[in-house]
Every structure is written in structure tokens, then in C-alpha cells.
Amino acid sequence: MTMNIVEKLKNKIREQIIEALENNKAEGKIKYEEIPGFIIEVPREKAHGDFATNIAMLMAKEAKMNPRQIAQLIVDKFEKEGTWAEKIEIAGPGFINFYLNPHWLFEVLPLVEKEDENYGASEVGKDIKVQVEFVSANPTGLLHMGNARGAALGDTLANLLTKAGYSVTREFYINDAGNQIENFGKSLEARYFQELGHDFPFPEEGYHGQDVIDTVRRIINDKGEAYLKLDQEERRQKLVEIALKEKITAIRNALKEFGVEYDVWFSESTLHESGAIEEVIQLLKEKDLIYEQEGALWFRSSRFGPEDKDEVVVRSNGTPTYFAADIAYHKNKFDRGFDWVINIWGADHHGHVARMKGAVEAVGYNPDNLTVILMQLVRLFRGGEIVRMSKRTGKYVTLTELVEEVGKDAARYFFVMRNPDSHLDFDLDLAKQDSAENPVYYVQYAHARICSILKAAGENLPRAVNVNLKLLNETAEIELIRKIADLPDEIAQAAKALEPHRIARYAHDLASTFHTFYNSCRVLTDEQELKYARLVLVNATRITLRNVLNLLGVSAPERM
RNA sequence: GUGCCUGUAGCUCAGCUGGAUAGAGCAUCGGACUUCUAAUCCGAGUGUCGGGGGUUCGAAUCCCUCCAGGCACGCCA
């Protein structure tokens with residue numbers, strides 16, 4: 001059982017407030033039916049205490065009393081025992097501010113030491129099976145910046161959910177069927193002929209990238225002209241088979257270099273082969289959610305979305321659409337028992353969300369259990385200019401190139417730093433610079449500094465239980481402990497809200513608090529007891545920083 | 001035309017889901033290394049929170065409307 005000190009204390013204060021209110025009610029000093037949902041928060045202004053609540057304002061209307069009067073009643077009956085409260089004040093329109101004895105914070109240091117790598121964990125997601133599907137790039141090409149953002153986001157999110165106690169599966173959906181594979185086959189065939197010196201027209205919608213040519217050259221190297229004589233369908237099939245395997249391996253390796261590994265690689269073609277798509281269409285037919293028009297089969301998505309249009313699931317030529325496969329895929333996900341299914345998609349797919357949810361409902365599952373995170377697209381800048389990626393020429397910067405250029409740490413941090421909702425302008429020149437402008441160095445530097453102190457201190461690191469923590473009474477020290485204490489709550493909230501960027505901000509805040517401490521308090525001082533206490537504090541900071549960097553997939557260097 | 005996202009300091013962005021005097025980084029200016037790493041710290045300044053209405057004790061946050069930018073509206077995926 002992991003503990004969350006901040007949460008525990010908030011709950012304690014909450015209980016005492018409710019009890020104080022009930023006591024007042026019993027004495028007839030206040031009238032109300034129900035206590036409204038109120039918050040206990042850490043005020044932005046330090047002068048407003050360690051915790052504050054807005055309950056008095058919220059109750060004013062129902063109790064027909066001035067909020068400050070209500071606050072006074074609560075304060076009068078508030079039992080401080082067990083809350084560490086030293087001073088309670090009523091402020092502004094009726095906030096109640098709690099000023100705590102800082103000693104409550106000291107519990108956190110032995111806890112961090114004890115939990116070590118596990119510190120920050122909580123159990124808010126206990127017994128909840130969640131799947132995060134992300135990247136799922138077309139296996140016909142290499143990974144681009146949009147995929148890279150999705151990879152950083154999805155992996156960090158999965159890390160967060162895991163830490164918050166959820167049971168997490170990472171999944172990559174391989175689109176190895178359908179139209180784009182047709183095109184891929186045609187492109188490969190064309191390049192195959194061309195590379196062997198034949199005239200061959202390149203398909204209109206084909207893949208123009210250099211990587212397709214490279215693949216074909218390798219195939220020729222290996223198999224020579226063997227496929228020239230085959231009939232067209234068989235030739236394309238062979239070429240696709242070899243090329244797909246190669247592409248998927250390349251994608252897998254690129255992601256691995258980026259620190260991302262999956263539990264499941266799910267192949268779209270298995271849905272076609274197993275009959276799962278036909279089955280799901282049959283199911284929808286039975287529910288009268290499919291109709292025929294102009295030779296095609298349509299799914300009544302308009303029944304579900306607000307005013308969404310109906311969607312083709314089987315073309316007039318008899319082949320199922322991507323959407324049909326996706327319905328079968330999502331049914332499959334829920335069939336596997338996931339309580340919560342999370343997809344990370346590029347914002348250009350947003351039109352797909354409503355009908356996907358509709359489809360989930362249509363096949364008998366609760367659409368609320370499907371969350372789609374849409375991330376806005378990435379624009380690359382180089383030399384102050386947008387790097388245009390061209391579909392026609394197939395030229396774009398790949399994930400592998402990005403990692404080579406700016407490094408895994410900077411790239412991951414950069415992508416996760418921002419809210420997925422905001423457009424991301426990635427300045428390659430800036431990220432490339434090994435300079436202080438790159439925020440990831442700021443955080444890593446804090447970790448390296450700590451390691452340096454610990455090294456200088458020698459091998460005997462004191463244990464929290466053996467030192468006098470009360471000596472840690474400087475503002476900078478208290479602030480640092482407070483920040484460390486926040487981690488479990490930060491993770492739990494970031495996980496629940498699916499907002500990994502909060503953790504990047506936390507990492508920066510923690511580093512900043514440490515740097516301030518470092519400049520105002522000397523750890524290796526002549527006063528032995530103080531030194532030991534500070535060593536404990538610094539070591540707890542190291543553990544916390546390292547754990548956060550791990551969540552982000554960023555390394556925690558001991559030297560810089 | 002319809003739908004989704006965005007609009008906050010000169011620039012890049014936070015803003016804990018309705019709270020108190022709206023915050024960071026970069027950039028600018030001025031300070032701090034004989035001391036555990038100056039890739040750091042301390043100090044200084046800037047805001048019609050896109051505009052206008054509304055909801056209430058209280059709005060950057062919720063609702064309406066308008067403006068600007070991005071994206072999507074296929075028997076593509």
C-alpha cells in the first residue's frame with residue numbers, strides 16, 4: 001500500500017470541516033440540507049497558507065448567511081488534532097486558510113527513501129484494465145513527426161497510468177490491409193521494374209519516397225529478377241510481403257531507439273482473415289444498423305453522433321472499408337476485457353471520433369469507455385522556415401533522423417512538454433543546440449548536481465530515520481520537501497486527466513526548486529547534523545527527479 | 001457552408017477543471033563563482049487573458065455571439 005501524504009492530509013482536513021459543520025448544525029447555528037462538493041487546495045499565494053477551502057462561499061446561498069460568518073462557525077468548531085494545523089484564518093470573501101506546522105512534511109522523506117523507484121505510485125487505477133493504442137503508423141513508410149509526437153505522448157501516458165496503478169497494455173495497430181497496401185504493391189512493382197531497367201509508369205497515388213526504392217534495391221540484391229516472370233497479382237503480393245516485414249521491423253526499431261516498446265502488435269489483416277469484419281457487419285445487420293444503397297453497405301452512424309453522416313462499410317465492389325475494419329478492431333479491444341480504451345490520433349482524424357464512438361455503442365459497449373486523444377499536428381522549423389513535407393516526393397524528416405539530430409531525451413521532452421491540443425512548432429536548430437535553452441538540460445542538470453554532492457559526501461549516506469529532520473527549516477528546504485511530497489498526487493491527476501504535459505512541468509518545477517535550494521543552502525557543511533539532514537533531503541530529491549525523468553523516458557545522467 | 005482545435009507578456013507556452021494580486025522559459029537590463037557542477041541562482045519591467053454580451057459572491061476558465069489562424073468534411077486511411 002503506497003501512501004499519498006498530501007491526499008491523506010487533505011482528506012483529514014475535509015473530514016474535520018464536515019464534522020465542524022455538523023456540530024454547528026446540531027446546535028442550530030446553521031441550516032442546510034446537504035454539504036456541497038467543495039475543494040481543499042494548495043493556494044497559489046504562499047501567504048494564503050498551506051491549504052485553503054472555498055466551502056463557506058459555496059454554502060452561503062443555501063444557508064442564507066454571509067460566507068465569512070459561515071467560515072467563522074467552521075473555524076470555531078474545527079478540531080485541529082491530527083491535521084497539523086497551527087493557525088486558521090478567514091480571508092477575502094470567505095476562504096478558510098490553514099497554516100500547518102511544517103513538520104507534517106517530514107514524513108515524506110523516509111517514505112521516498114523506502115519506496116525508492118516506486119515513489120510516486122498510487123492506486124487510483126487499481127483493477128482497471130486500460131489499453132493505450134498509439135502511433136499505429138502506416139507500415140508503408142517511415143515514422144514522421146506526427147508519429148513521433150504520438151509516440152512520446154502515448155508512451156509517457158502509459159507510464160503515468162502504470163504508475164497510478166492501472167493495468168496498462170501498449171498496442172500498435174498495423175494497417176497491413178486495404179487500399180494503401182494495394183498502392184504500396186503497385187509502387188513496389190513499378191520501382192522493381194524501373195530499377196531493373198524497364199519502362200514502367202509510376203502509379204498516380206503511389207509512394208514516392210526514397211525508402212521504397214531502397215527496399216526494392218535490397219529485394220533485387222537478394223532475389224534478382226525472379227519476380228519479373230510472375231503474374232501481376234502474385235508479384236505484388238511477394239513484394240508487399242517482403243517490404244512490409246522490412247518496414248515493420250524498421251518502425252519497431254525506430255520506436256525502440258526512442259524508448260518505446262509495445263506489448264501487442266495487432267495486425268489489421270488478421271481481422272480480414274479471421275472473418276471478424278464480416279461477423280461485426282452481420283451483427284450490425286441484425287440490429288438493423290446496416291442498409292444497402294447504390295450497391296454499397298452503409299452503417300447508420302447518424303443514429304449515434306449528433307448529426308453525423310452515415311458511413312460506407314462495404315464498397316460496391318465488395319471490399320470492406322477501413323472503417324469496417326476499425327469497428328471490428330474496437331469490438332475486439334473491448335472483447336479482450338479492457339475497461340478503458342485510449343487512442344491517440346492526429347487531429348486530422350477528428351472527424352472519425354464521433355462515428356467510432358457510435359460504432360462502439362452499436363456493437364454493444366459503452367462509448368464513454370473509449371477516449372480519443374487528438375493531438376494537433378507538428379510543424380518543423382529549420383533556419384526559421386517551415387520544413388515542408390511533401391507527399392508527392394515522399395520527403396520528410398523521420399523519427400530516426402530526429403533522434404540522431406537532437407537526441408532521444410530532448411525530443412521526448414519537447415513533444416511531451418506541450419498540451420496535445422496545441423500546435424507544436426518544433427525548432428530543429430534550437431533543439432539541436434546543446435544549450436541551456438533546451439529545458440531538458442535544466443532538469444537533467446539538477447540530477448547531475450545532486451549526484452555530484454552525494455559522491456563528494458562519501459559512501460555513508462545517512463538514513464532518514466537516523467537524522468534530525470527538524471533542522472530543515474529554511475524556506476528553500478521546506479519548499480523542496482513540499483514539492484517532493486506532491487509527486488504521487490501529480491501523477492494520479494495527470495494520469496486521470498490524460499495530460500502528460502503536467503509531468504514535464506512538474507519536472508521543471510522540481511528542478512527549479514532544487515536549484516534555488518542549492519544556491520541558498522550548502523549541503524556539505526561543517527555542522528554534522530545539518531549535513532546529514534540535508535543529505536537525506538537531497539537524496540530524496542534525486543529519487544524523485546529520477547522517477548519523473550523515467551516516466552518521461554528521459555535519462556537521468558549522473559554527470560554532465 | 002458544417003464540425004473540431006487554437007487565440008494569455010516582444011517570442012514559445014503554463015494556468016491544478018469557477019477562486020484571492022494571471023504565471024514560467026527565452027529575449028532585455030543589473031547583480032552573485034577561491035565554496036557541494038555558473039548548463040545555476042537573485043533582482044527589475046511589460047498584459048484591453050482575440051472583441052462584445054451573459055451566468056454569480058467571484059470568469060482566462062462555463063454559455064451565447066462575432067473576428068482571426070489551423071485541421072477535417074471521400075465507396076482514402
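Each chain gets a letter, A, B and so on, in the order its sequence line appears, and its residues count up from 1. What you see is a predicted model; the values in this text were computed from it and never measured. These values consider heavy atoms only, across backbone and side chains, with no hydrogens, waters or symmetry-generated copies.
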J.: For Met57(A) and U56(B), give me the distance from atom CE to atom P, rounded to whole Å.
T.: 16 Å
J.: Classify Ala448(A) by what it touches in the nucleic acid, base, sugar-phosphate, or nothing, heavy-atom distance under 4.0 Å.
T.: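 Result for Ala448(A) = base.
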J.: Just call it for Thr516(A): base, sugar-phosphate, or nothing, with non-hydrogen atoms closer than 4.0 Å on any strand.
T.: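 Sugar-phosphate, backbone atoms only, no base.
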J.: Assess the side chains of Asn4(A) and Lys10(A): does a donor N or O sit below 3.5 Å from an acceptor N or O?
T.: no
J.: Applying a 3.5 Å limit to both distances, which nucleotide forms a Watson-Crick or G-U wobble pair with C33(B)?
T.: none
J.: Checking only heavy atoms, does the side chain of His349(A) share a donor-acceptor pair with the base of A77(B) at less than 3.5 Å?
T.: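 Under the 3.5 Å cut-off, the side chain and the base do form a donor-acceptor pair.
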J.: Now, which nucleotide makes the Watson-Crick or G-U wobble pair with C73(B), with each of the two distances under 3.5 Å?
T.: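 Across all strands, the one nucleotide that pairs with C73(B) is G1(B).
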J.: Go through the side-chain N and O atoms of Tyr413(A) and Gln444(A) and say whether any donor and acceptor fall under 3.5 Å apart.
T.: no
J.: For His515(A), answer base if it contacts any base atom (sugar-phosphate contacts may also be present), sugar-phosphate if it contacts only those atoms, and nothing otherwise; contact means non-hydrogen atoms under 4.0 Å.
T.: sugar-phosphate
J.: When you compare the side chains of Asn183(A) and Glu205(A), does any donor N or O come within less than 3.5 Å of an acceptor on the partner?
T.: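 Their side chains do not contain a donor-acceptor pair, so the 3.5 Å distance test is not met.
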J.: Rounding to a whole Å, what distance do you find between Ile39(A):CD1 and U17(B):C1'?
T.: 10 Å
J.: Would Phe95(A) pass as stacked on G19(B), i.e. its ring centre under 5.5 Å from the base's six-membered ring centre and planes under 30° apart?
T.: no
J.: Classify the side chain of Asn54(A) versus the base of A20(B) as yes if they form a donor-acceptor pair under 3.5 Å and no if they do not.
T.: no
J.: Counting only side-chain N and O atoms of Arg449(A), is one of them less than 4.0 Å from OP1 or OP2 of A38(B)?
T.: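 Answer yes for this pair, as a side-chain N or O of Arg449(A) is under 4.0 Å from OP1 or OP2.
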J.: Taking any heavy-atom pair under 4.0 Å as a contact, classify Glu294(A): base, sugar-phosphate, or nothing.
T.: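 It contacts base atoms.
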J.: Can a donor-acceptor pair be found, under 3.5 Å and without considering hydrogens, that links the side chain of Tyr99(A) to the backbone of Ala47(A)?
T.: yes
J.: So for Thr321(A) and C75(B), does any side-chain atom that can act as donor or acceptor lie under 3.5 Å from a complementary atom in the base?
T.: no
J.: As a test of reading the structure: which of C36(B), A77(B), U17(B) is closest to the side chain of Ala497(A), going by heavy atoms?
T.: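 Comparing C36(B), A77(B), U17(B) against the side chain of Ala497(A), the answer is U17(B).
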J.: Without hydrogens or angle criteria, can the side chains of Arg542(A) and Asn539(A) be said to hold a donor-acceptor pair below 3.5 Å?
T.: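 Their side chains do contain a donor-acceptor pair, which is all the 3.5 Å distance test asks for.
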J.: Just to be sure I understand the rule, does Glu499(A) reach a base, reach only the sugar-phosphate, or reach nothing, if contact means heavy atoms closer than 4.0 Å?
T.: base
J.: Return no unless some side-chain N or O of Tyr441(A) is found under 4.0 Å from OP1 or OP2 of A39(B).
T.: no
J.: Centre of Phe517(A)'s six-membered ring, under 6.0 Å away, within 45 degrees of the axis: is that where NZ or CZ of Arg534(A) sits?
T.: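 Checked: cation-pi criterion not met.
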J.: Decide whether Asp310(A) and Tyr291(A) meet the rule of one side-chain donor and one side-chain acceptor closer than 3.5 Å.
T.: yes
J.: Please classify the nucleic acid contact of Cys451(A) as base, sugar-phosphate, or nothing, using heavy-atom distances under 4.0 Å.
T.: nothing
J.: For C13(B), which nucleotide is its Watson-Crick or G-U wobble mate, given both distances must be under 3.5 Å?
T.: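 C13(B) is paired with G23(B).
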J.: Of all the nucleotides listed (A20(B), C36(B), A77(B)), which has the minimum atom distance to the side chain of Ile453(A)?
T.: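 Nearest to the side chain of Ile453(A) among the choices is C36(B).
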J.: Any N or O donor-acceptor pair linking the side chain of His508(A) to the base of G25(B) at under 3.5 Å?
T.: no
J.: What one-letter contact string describes nucleotides 30-35 of chain B from 5' to 3', where B marks a base within less than 4.0 Å of any protein heavy atom, S marks contact via sugar-phosphate atoms alone, and - marks no contact?
T.: -----S
J.: Start at the 5' end of RNA chain B and walk down; is the nucleotide closest to Asp348(A) or to Tyr445(A) reached first?
T.: Tyr445(A)
J.: Quick check on C76(B): is either OP1 or OP2 less than 4.0 Å from any side-chain nitrogen or oxygen of Asn179(A)?
T.: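 Yes.
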